[in-house]
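Numbers for residues simply follow the sequence, beginning at 1.
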Amino acid sequence: MKMPTMAEVVAEEATLQFTKFDNQTALAIGNQLVALAQERHAAVTIDITRCRQQLFHAALPGTAIDNDEWLKRKINVVYQFGVSSLHKQLEMTAQGRSIEEASC
């Protein structure tokens with residue numbers, strides 16, 4: 001899979017905005033993602049969180065606690081920096097630094 005550019009990520013973040021996002025929205029999106037993952041036999045963990053409240057979580061067969069921990073780290077990056085974890089990773093890579101160095 002090709003890594004997107006910073007410009008592509010920034011454009012997606014600007015474009016992919018919800019006019020309304022509530023618990024029902026999270027449930028509908030989560031269920032659609034589970035159905036798609038099952039169709040593709042993908043071992044994924046899905047987490048939808050808003051304001052630190054977990055609204056949806058599913059761990060499909062083939063996943064482990066490591067997947068949950070990885071998602072927690074990604075969520076923490078979003079709350080700490082206000083951008084997607086991919087955005088922050090690309091930013092830090094451009095600076096020749098690791099994501100772990102972001103808050104130093």
**Q** Using the salt bridge (Lys or Arg N to Asp or Glu O under 4.0 Å) criterion, which residues pair with Glu13? Sequence neighbours excluded.
**A** none

**Q** Have a look at Thr49 and tell me which of Leu71, Leu55, Ile75 forms a side-chain contact (heavy atoms from CB on, under 4.5 Å) with it.
**A**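 Option passing the side-chain contact (heavy atoms from CB on, under 4.5 Å) with Thr49: Ile75.
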
**Q** Return each pair, listed once, that meets side-chain hydrogen bond (donor to acceptor under 3.5 Å, both in side chains) where at least one residue sits in residues 24-38; pairs must be two or more places apart or across chains.
**A**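 Output for this query lists Asp22-Thr25.
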
**Q** Without hydrogens or angle criteria, can the side chains of Ser98 and Glu101 be said to hold a donor-acceptor pair below 3.5 Å?
**A**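 Ser98 vs Glu101: donor-acceptor pair found between side chains.
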
**Q** Measure the spacing between CD1 of Ile46 and CZ of Phe56 and express it to the nearest 0.5 Å.
**A** 6.0 Å

**Q** Give the intermediate values and the outcome of side chain to side chain contact (heavy atoms under 4.5 Å, CB included) for residues Met3 and Leu86.
**A** CA-CA 9 Å; Met3 183 68 80; Leu86 178 57; 3.7 Å; yes

**Q** Restricting to salt bridge (Lys or Arg N to Asp or Glu O under 4.0 Å), what partner residues turn up for Asp68, sequence neighbours left out?
**A**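 Not a single residue meets the salt bridge (Lys or Arg N to Asp or Glu O under 4.0 Å) criterion with Asp68.
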
**Q** Are the side chains of Ile48 and Ile29 in touch, meaning some heavy atoms are under 4.5 Å apart?
**A**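 When only atoms from C-beta onward are counted, Ile29 and Ile48 do touch, with a gap below 4.5 Å.
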
**Q** Check which hydrophobic residues are tied to Ile65 through side-chain heavy-atom contacts below 4.5 Å, counting indirect links as well, and list them.
**A** none

**Q** Indicate yes or no: at least one non-hydrogen side-chain atom of Thr45 is less than 4.5 angstrom from one of His57.
**A** yes

**Q** More than 12 non-hydrogen atoms from neighbouring residues, nucleotides or ligands closer than 6.0 Å to CZ on Arg52, yes or no?
**A** yes

**Q** If the condition is salt bridge (Lys or Arg N to Asp or Glu O under 4.0 Å), which residues does Lys88 pass it with, not counting sequence neighbours?
**A**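 Here the qualifying residues are Glu91.
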
**Q** Do Ile99 and Arg73 make a side-chain contact, defined as non-hydrogen atoms from C-beta onward lying under 4.5 Å apart?
**A**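 With C-beta onward as the side chain, the pair stays apart.
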
**Q** To the nearest 0.5 Å, what is the distance between CZ (Phe18) and CZ (Arg50)?
**A** 11.0 Å

**Q** Between Thr15 (side chain only) and Glu12 (backbone N and O only), is there a donor and an acceptor less than 3.5 Å apart?
**A**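 No; judged by distance alone, with no hydrogens or angles, the pair does not exist.
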
**Q** Answer yes or no: is there a donor N or O on one side and an acceptor on the other, between the side chain of Tyr79 and the main chain of Lys74, under 3.5 Å?
**A** no

**Q** Does anything in residues 28-53 form a ring pair (Phe, Tyr, Trp, His ring centres under 6.0 Å)? List the pairs, not counting sequence neighbours.
**A** none

**Q** Main chain of Thr5, side chain of Glu8: is a donor-acceptor contact present, judged purely on distance under 3.5 Å?
**A** yes

**Q** Asn76 side chain to Lys72 main-chain N or O, any donor-acceptor pair under 3.5 Å?
**A** yes

**Q** Does the side chain of Asp47 come within less than 4.5 Å of Gln54's, by heavy atoms?
**A**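 Yes; the side chains approach each other to less than 4.5 Å.
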
